Amino acid sequence: MSEIFDHKKIEEKWQEKWREEKKYNIDLSDSENKLYALVMFSYPSGDKLHIGHWYNYGPSDTWARFKKMQGFKVFEPMGFDAFGLPAENYAIKHGIHPAVSTRNNIEYMTTQLRRIGAMYDWDKYLNTSDPEYYKWTQWLFLKLFEMGLAHREKAPVNWCPSCLTVLANEQVREGKCERCGTDVERKELSQWFFKITKYSDRLLEGLDKINWPKSTKMMQRNWIGRSEGTTLFFEVAGQDETIEIFTTRVDTIYGATFIVIAPEHHILNHVTTDDKSKEVTEYIESVQNRSEIERITTDREKTGVFTGAYAVNPITKEKIPIWTSDFVLTGYGSGAIFGTPGHDQRDWEFATKFNLPIIQVIEPYNKEEVDLTKSVCSGEGILINSESYNGLDYKEGIVKITEELESQGKGHQSVNYRLRDWLISRQRYWGAPIPIIYCDSCGTVPVPEEDLPVILPEDIDLEKNIGSENSPLAESDSFLNVDCPKCGLKGRREVDTMDTFVDSSWYFLRYTNPHYSEGAWDSELVNKWLPVDQYIGGQDHATMHLLYARFICMALYDKKLLNFEEPFTNLFHQGIITKDGVKMSKSKDNVVSPDPFIENYGSDTFRMYLMFMGPYDEGGDWNDSGILGIHRFLNRAWRLCRGETDININDNSNKNLTSVMHRTIKEVTNDIQDMRFNTAISRIMEYVNEMYKAEAVNKDLLEKLILLLAPFAPHLSEELWEQFGHKGSLFDHRWPEWDDEIAKSETITVAVQILGKLRGTFEIKSGESDDVLVDSALELPNIKKHMEGKTLLKSIVIKDKLVNFLIK
RNA sequence: GCCGGGGUGGCGAAACUGGUAGACGCAAGGGACUUAAAAUCCCUCGGUCGUUUAGACCAUGCGGGUUCGAGUCCCGCCCCCGGCACCA
């Protein structure tokens with residue numbers, strides 16, 4: 001009899017068995033007690049499965065198995081987010097067509113995924129690059145188009161010169177491409193957008209209804225960036241033009257000494273006077289040459305030029321100069337501001353640089369003397385130098401001045417958002433083609449539903465296209481040229497593909513029936529099985545995938561295609577596993593492969609070690625030094641259950657161990673429920689240690705151990721369960737329950753303090769009265785010693801816990 | 001700059017609504033078994049003082065405070081991680 005369990009044999013045996021019996025392929029027609037447990041699907045870019053994947057998939061499967069044992073009908077699907085740039089780049093690099101390389105990678109990753117031993121329902125597997133799937137991504141586009149939520153527009157967009165495509169706002173981080181880190185450029189291009197801004201308020205409100213991490217909700221709130229304020233109009237003196245301005249501080253209008261409009265503002269050329277036109281043109285050019293990253297740097301000195309024109313303050317009727325400067329952004333508000341240099345840091349810097357007047361119109365609450373030549377006075381206070389509004393609190397000022405503007409038709413209350421529409425066009429090959437045809441007489445024509453999918457052509461030489469800013473699809477004549485579905489005349493296809501985030505914004509719907517051909521999904525199934533009950537994935541998608549998916553569901557709900565608005569009821573983010581303090585990545589060459597660990601210790605040990613390392617939402621730095629400890633522990637449990645230790649297995653009951661068992665069940669249950677896997681494992685270890693101290697244990701104690709271990713080490717547990725003579729899978733057996741009465745330990749340790757300092761402890765039966773506790777405490781020699789010559793003033797007693805004596 | 005989350009032994013970490021700080025594990029040291037090693041089992045393990053014991057003092061990033069009692073609550077700082085950032 002071998003002392004060490006043969007992980008390879010056991011894991012292969014059970015994986016094979018689960019697979020053969022289609023153990024976790026479930027019939028969704030019955031949704032009673034349903035639980036949809038979802039993890040973010042994987043991205044086959046050529047990398048193998050790394051520790052990060054395991055950290056996402058292992059613990060989430062533990063949670064799902066626990067739920068299954070609690071009697072839920074758990075649906076745990078897995079698939080591939082197979083379109084996208086990394087896959088395309090990988091394919092180009094290796095000279096293989098992305099369809100082929102993707103297929104190979106998926107095949108390899110599937111084998112790796114199976115080794116985790118998760119309950120994936122492989123019948124529901126999907127692949128977003130499969131025409132069977134992207135047909136319906138295109139269909140989704142058409143639905144949004146019908147609803148007026150997809151539109152093409154010429155707008156300044158983010159261009160990544162390295163990825164050779166435009167990017168959505170969400171994919172630009174600190175002026176750099178989210179994928180490759182290259183500085184993005186601004187380009188004026190006609191692109192397709194999804195009107196996510198129409199849902200700004202609902203996306204905000206919905207956050208109150210879902211159980212998501214606080215920080216993620218906060219990130220989405222900040223990203224949407226709702227701000228309430230006033231829109232007002234300045235007339236341009238002597239011209240038939242008005243400038244629209246959004247402000248949150250209209251109370252400072254008496255301190256406005258200039259106007260600044262963004263260099264890209266459409267009105268700029270109209271208002272600029274002839275004598276200033278050269279300067280303004282030069283300025284615009286200099287701004288265009290500035291990189292986006294340089295432009296958003298806040299500590300850069302302000303630049304700008306005077307346009308020669310003046311605007312009329314709608315409240316004071318004063319004329320103030322109109323300037324242009326790149327610190328005012330085109331993308332936010334109306335791209336124009338009025339400058340109140342006394343009370344805004346940026347305006348103050350601008351006015352100081354260009355010698356514009358600075359007026360104080362807000363007095364701080366503390367009436368402090370302010371010197372506006374030296375620094376700005378931002379913040380709250382009382383209105384001064386504002387004629388009839390003097391003395392008002394700034395908040396009242398906002399209301400009153402907005403009212404006056406409104407009565408004159410010069411302004412109104414308004415709400416502004418930071419959120420921009422979702423730019424979905426990509427000038428790349430490996431994605432779902434946008435199903436649109438351009439016709440000279442009919443204009444923009446959607447591809448009729450019955451003509452879907454618009455198949456991605458294969459006759460394209462991707463290598464030839466390297467470095468070109470045009471979409472690869474434009475190279476294919478057979479793809480490009482098409483008859484207009486409306487008039488039959490010659491038309492051209494849209495050559496851009498869709499952002500892969502479109503693919504992933506609805507995959508969780510398709511999982512319920514990935515081969516359904518009547519529609520994108522079977523409504524009956526989807527409305528029964530969704531929303532997703534528990535979603536687990538990285539927080540890096542907080543303002544991308546997680547926002548887009550919510551938006552898409554809301555739109556589909558409005559189109560009456562779904563009966564729910566929020567796709568993910570509960571969300572949990574696993575932490576990040578770093579290596580030497582930095583995120584693992586191929587480019588840094590610090591990716592740790594899980595494969596050797598699986599080889600040496602097995603999947604049960606490995607996934608359990610990942611959970612034991614620390615809190616699941618915190619991740620941590622990778623260090624394999626403790627993995628042996630988990631392996632040892634599993635061996636200990638294995639030997640104990642198989643009677644390979646000095647501890648006898650008999651039928652006698654053991655009061656103390658039974659109590660420990662109930663306590664363990666209680667704590668482990670609560671810990672797994674809240675994803676506190678590390679402490680759950682500690683509790684099981686304590687339970688095993690406790691049994692090792694005994695001379696004999698009974699079968700029930702051991703069976704409960706196997707059940708508790710099952711979600712963590714599913715293969716080993718199944719094997720032991722079978723060896724205990726049970727027919728059928730352990731995972732069809734119910735999770736153990738506990739009895740609070742039995743779980744209570746008989747004796748407890750009471751801490752005795754004097755003036756809050758620990759001076760001793762004693763053991764006593766639980767539930768004793770305060771008097772008994774005090775008397776027992778006073779018996780302790782060390783307490784007697786400390787009490788000598790002192791008077792006892794008060795005894796503080798915390799039942800079953802502590803006695804504290806106050807003495808003098 | 002603003003918004004989150006953190007900072008506890010040599011290391012990963014525990015500590016429920018304020019109540020014995022360091023559970024559980026790693027590493028380390030000692031012992032048992034063994035011809036030997038591995039494996040296994042048992043013991044010790046925050047620091048200083050105390051020969052040992054008993055015990056005392058110090059200790060949860062730093063400085064204050066509230067409390068009988070603070071890792072936990074309050075005020076002020078420092079550092080690390082993540083997000084946002086000229087957003088009007």
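As the structure is a prediction and not an experimental result, all values here were calculated from the model. All chains are named by letter (A, B, ...) in the order of the sequence lines, taking the proteins before the strands, and each is independently numbered beginning at 1.
Remark: aromatic rings of Trp622(A) and Tyr609(A) are close, center separation under 6.0 Å. Separation of the Phe350(A) and Trp323(A) ring centroids falls under the 6.0 Å cut-off. Taking the six-membered ring where the residue is Trp, the centroids of Phe5(A) and His631(A) are separated by under 6.0 Å.
With sequence neighbours excluded, the residues forming a side-chain contact (heavy atoms from CB on, under 4.5 Å) with Pro711(A) are Thr62(A), Arg65(A), Phe66(A), Met69(A), Ile672(A), Trp735(A), listed by chain and number.
The side chain of Arg418(A) has A85(B) as its nearest neighbour among A85(B), C16(B), G83(B). Set against G19(B), A13(B), C86(B), the side chain of Leu329(A) has C86(B) as its closest nucleotide. In the set A56(B), C84(B), U20(B), the nucleotide with an atom closest to the side chain of Arg759(A) is A56(B). Of the listed nucleotides (G25(B), C11(B), A13(B)), G25(B) has the atom at the smallest distance from the side chain of Phe612(A). Candidate nucleotides G83(B), A13(B), C68(B) were compared by shortest atom distance to the side chain of Ile796(A), and C68(B) ranks first. In the set C87(B), G19(B), A88(B), C87(B) carries the atom at the smallest distance from any side-chain atom of Arg346(A). Closest to the side chain of Ser682(A), from the set A23(B), C84(B), U20(B), is A23(B). Closest to the side chain of Arg683(A), from the set A88(B), C86(B), A14(B), is A14(B). For Thr247(A), the listed nucleotide lying nearest its side chain is A88(B); candidates were A88(B), A56(B), C68(B).
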Short heteroatom pairs, N/O only, protein and nucleotides 2-4 of chain B, under 3.5 Å:
none

Could you list the protein-to-nucleotides 41-43 of chain B atom pairs, N/O on both sides, closer than 3.5 Å?
unit_1, atom_1, unit_2, atom_2, d
C41(B), OP1, Arg636(A), NH1, 2.6
C41(B), OP1, Arg639(A), NH2, 3.3

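Where Ser334(A) and Ile627(A) meet RNA chain B, the nucleotide closest to each residue was compared, and Ile627(A) sits on the side nearer the 5' end. Each of Gly581(A) and Val750(A) was assigned the nucleotide of RNA chain B with the nearest heavy atom; the assignment lying further toward the 5' end belongs to Val750(A).
Within the nucleic acid shown, Glu686(A) comes within 4.0 Å of sugar-phosphate atoms alone, with no base atom in reach, counting heavy atoms only. Counting any heavy atom pair closer than 4.0 Å across all strands shown, Asp347(A) reaches no nucleic acid atom. Contact annotation for Leu806(A): backbone-only contact, meaning every heavy-atom pair under 4.0 Å involves sugar-phosphate atoms and none involves a base.
Residue Lys757(A) has a polar side-chain atom (N or O) positioned under 4.0 Å from OP1 or OP2 of C58(B). Side-chain nitrogen and oxygen atoms of His786(A) include at least one within less than 4.0 Å of the OP1 or OP2 phosphate oxygen of A56(B).
Nearest heavy atoms, Thr543(A) versus Arg173(A): OG1-NH2, 3.0 Å.
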Stepwise side-chain hydrogen bond (donor to acceptor under 3.5 Å, both in side chains) check, Arg663(A) with Ser659(A): CA-CA 6 Å; Arg663(A) 262 202 303 287; Ser659(A) 174; 3.1 Å; yes
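Side-chain N or O atoms of Asn678(A) include none that pairs as donor or acceptor with a backbone N or O of Tyr616(A) at under 3.5 Å.
Here the C1' atom of nucleotide A14(B) and the CD atom of Glu618(A) are 12 Å apart, to the nearest Å.
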